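Beneath this line is the structure, given in structure tokens, with notes to follow.
Basis for what follows: all heavy atoms, side chains included, without hydrogens, waters or symmetry-related copies. Quick note on labels: first sequence line is chain A, next is B, and so on, each numbered from 1. The model shown is predicted, which means the values in this text are computed figures rather than measured ones.
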Number of protein chains: 2
Amino acid sequence: MHNKELLKGTLTAIVLKLLADKGEMYGYELAQKVKEMSGQKILLKDGSLYPALHKLSKEGWLEFREEHIGKRVRKYYSLTATGIAQEKIESENLKEFMRTLKDLLFPDFTFKLA
Amino acid sequence: MHNKELLKGTLTAIVLKLLADKGEMYGYELAQKVKEMSGQKILLKDGSLYPALHKLSKEGWLEFREEHIGKRVRKYYSLTATGIAQEKIESENLKEFMRTLKDLLFPDFTFKLA
DNA sequence: TTCAATACATCATAATTCTATGTATTGTTA
DNA sequence: TAACAATACATAGAATTATGATGTATTGAA
């Protein structure tokens, strides 16, 4: 991102949402998916993503299983029950924030969030 | 805001945009306006706003004149020429970010930013 | 065989807003 | 008229969070 600060507070919502949609994903896959879906605009760094995944796991929102691909290890993360609830909260929160920001700064634009 | 972190990186854009619209405003007025326009959701604190105004002035984007209301002092801030240019950059930046986030997380919603 | 990509990880740093604290004036209301 | 809320500015330290730098190791392509 151009302005790195804008991303702050959104990473949790992004991870939870993608996992809610995909069921389970591993770290590297998540970073690639975000990159692809954002048109190469959001480039999650290792130094951001892995600590975030650990933190969300510690919160009890994620769990993971390890898969061994040859000699390489993948950690597939998925939402726990608490995580599913949290995903809804975070998504609604972010939507609300975007609505508010839109009203404040871009009132003339169409911006419908159900 | 519920999630304070979400606001990060948006404060500069907010201040520049309001000044672009209003011509000139003083600090306290800015905070009130943001509060009102956001439906009491974004509550800028003194500790955020005044340092931000100083920083933006130092960047050369704002200038101010002092007005004495009785014994009280008000600093009316306005955009410099550089500030006017910067406002456009910051606004477009934020719009672009919101578009990206929308594509990533809420692709089903209508979200038109010209 | 060299390099890019895959796949994980941690630590120190930077950036930004908030909390806490401070000073002082003005308007309201009990 | 006394107390309190609102107005109006300010700064220093704390908290949060993503990044940069760095590290290890495997796999596939040129």
Side-chain angles (χ1 to χ4, degrees), chain A residues 1-16 24-36 38 40-59 62 64-77 90 94 97 101, chain B residues 1-16 24-36 38 40-59 62 64-77 90 93-94 97 100-101:
Chain A
M1 286 294 301
H2 315 118
N3 188 346
K4 291 179 270 185
E5 299 303 325
L6 285 177
L7 206 60
K8 292 210 172 171
T10 64
L11 180 52
T12 296
I14 288 172
V15 169
L16 294 181
E24 64 171 15
M25 297 177 84
Y26 57 98
Y28 189 83
E29 184 187 10
L30 261 163
Q32 296 307 308
K33 195 70 186 168
V34 169
K35 182 181 171 187
E36 174 207 326
S38 69
Q40 349 299 327
K41 291 201 201 71
I42 299 180
L43 305 171
L44 293 185
K45 309 306 160 107
D46 295 9
S48 315
L49 180 59
Y50 294 114
L53 290 172
H54 301 159
K55 186 193 163 203
L56 298 184
S57 299
K58 206 172 168 190
E59 295 283 354
L62 303 187
F64 67 89
R65 63 179 181 84
E66 290 191 343
E67 191 158 301
H68 293 264
I69 311 291
K71 287 182 179 173
R72 199 181 277 162
V73 180
R74 277 185 193 162
K75 291 190 177 175
Y76 279 90
Y77 288 88
E90 299 267 348
L94 190 52
F97 175 69
L101 214 52
Chain B
M1 289 293 303
H2 316 118
N3 187 346
K4 291 178 272 185
E5 299 305 324
L6 284 178
L7 206 60
K8 293 210 172 172
T10 63
L11 181 51
T12 296
I14 289 172
V15 170
L16 295 181
E24 63 171 17
M25 298 178 85
Y26 57 99
Y28 189 83
E29 185 187 9
L30 261 162
Q32 296 307 308
K33 195 70 187 170
V34 168
K35 182 180 171 187
E36 175 208 326
S38 71
Q40 348 302 324
K41 292 199 201 74
I42 298 180
L43 306 170
L44 294 185
K45 308 306 161 97
D46 295 9
S48 314
L49 181 59
Y50 294 114
L53 290 172
H54 301 160
K55 188 194 161 203
L56 298 184
S57 300
K58 206 173 169 189
E59 295 282 355
L62 303 186
F64 67 89
R65 62 179 182 85
E66 292 192 343
E67 192 159 300
H68 293 264
I69 311 291
K71 287 182 179 174
R72 199 180 277 161
V73 179
R74 276 186 195 161
K75 292 190 178 174
Y76 279 91
Y77 288 87
E90 300 268 347
N93 224 276
L94 190 52
F97 175 69
T100 302
L101 214 52

*With sequence neighbours excluded, residues passing salt bridge (charged side-chain N to carboxylate O under 4.0 Å, His left out) with A:K75*: none
*asked:* D:dT17, OP1 or OP2 - any side-chain N/O from A:K55 closer than 4.0 Å?
replied: yes
*side chain to side chain contact (heavy atoms under 4.5 Å, CB included) with B:T12: which residues, sequence neighbours excluded?*
B:L16, B:L56, B:W61, B:E90
_Rounded distance (Å) that lies between atom C1' of D:dA10 and atom CD of B:E66_ = 13 Å
*Ignoring backbone atoms, test whether A:K75 places a side-chain nitrogen or oxygen under 4.0 Å from the OP1 or OP2 oxygen of C:dA9.*
yes
*Interatomic distance, B:L30 CG vs C:dT17 P [rounded to whole Å]*: 14 Å
_Sugar-phosphate only, base, or nothing, as touched by A:L11 at under 4.0 Å among non-hydrogen atoms_ = sugar-phosphate
*Can you sort out the partners of B:Y26 under ring-ring contact (aromatic ring centres under 6.0 Å, His included), two or more places apart, ordered by chain and number?*
B:Y76
*Does the side chain of A:L49 come within less than 4.5 Å of A:V34's, by heavy atoms?*
no
*Between A:L44 and A:L7, is any pair of side-chain heavy atoms under 4.5 Å apart?*
yes
_So, using side chain to side chain contact (heavy atoms under 4.5 Å, CB included) as the criterion, who are the partners of B:K45 when residues are at least two apart?_
B:L43, B:S48
*Could you state the atom-to-atom distance from CZ of B:R74 to C1' of D:dA10 in whole Å?*
17 Å
Between the protein and nucleotides 27-30 of chain D, list every N/O to N/O distance that falls short of 3.5 Å.
| unit_1 | atom_1 | unit_2 | atom_2 | d |
| --- | --- | --- | --- | --- |
| D:dT27 | OP1 | A:K71 | N | 2.9 |
| D:dT27 | O4' | A:R72 | NH2 | 3.0 |

*Contact class for A:L49 (heavy atom, under 4.0 Å): base, sugar-phosphate, or nothing?*
nothing
*Given atom CG of B:L44 and atom C1' of C:dT16, what is their separation to the nearest angstrom?*
13 Å
*Could you tell me the separation between the CD1 atom of A:I42 and the P atom of D:dT17, rounded to a whole number of Å?*
17 Å
*Whole angstrom is fine here: how far is it from CG in A:L7 over to C1' in C:dA15?*
14 Å
_Side chains of A:F97 and B:L101 in contact at under 4.5 Å (non-hydrogen atoms)_ = no
*Nearest-angstrom distance from the residue atom NZ of B:K4 to C1' of D:dA14*: 10 Å
_Any B:Y26 side-chain N or O less than 4.0 Å from OP1/OP2 of D:dA8_ = yes
_Could you tell me how far apart A:Y28 (OH) and D:dT26 (P) are, to the nearest whole angstrom?_
17 Å
Kindly give the atom pairs (protein nitrogen or oxygen, nucleotide nitrogen or oxygen) under 3.5 Å for nucleotides 10-14 of chain C.
| unit_1 | atom_1 | unit_2 | atom_2 | d |
| --- | --- | --- | --- | --- |
| C:dT10 | OP2 | A:H54 | ND1 | 3.1 |

*Please list, chain by chain and in numerical order, all residues satisfying side chain to side chain donor-acceptor pair (under 3.5 Å) with A:K33, sequence neighbours excluded.*
none
_For A:E24, salt bridge (charged side-chain N to carboxylate O under 4.0 Å, His left out) partners two or more places apart_ = A:R65
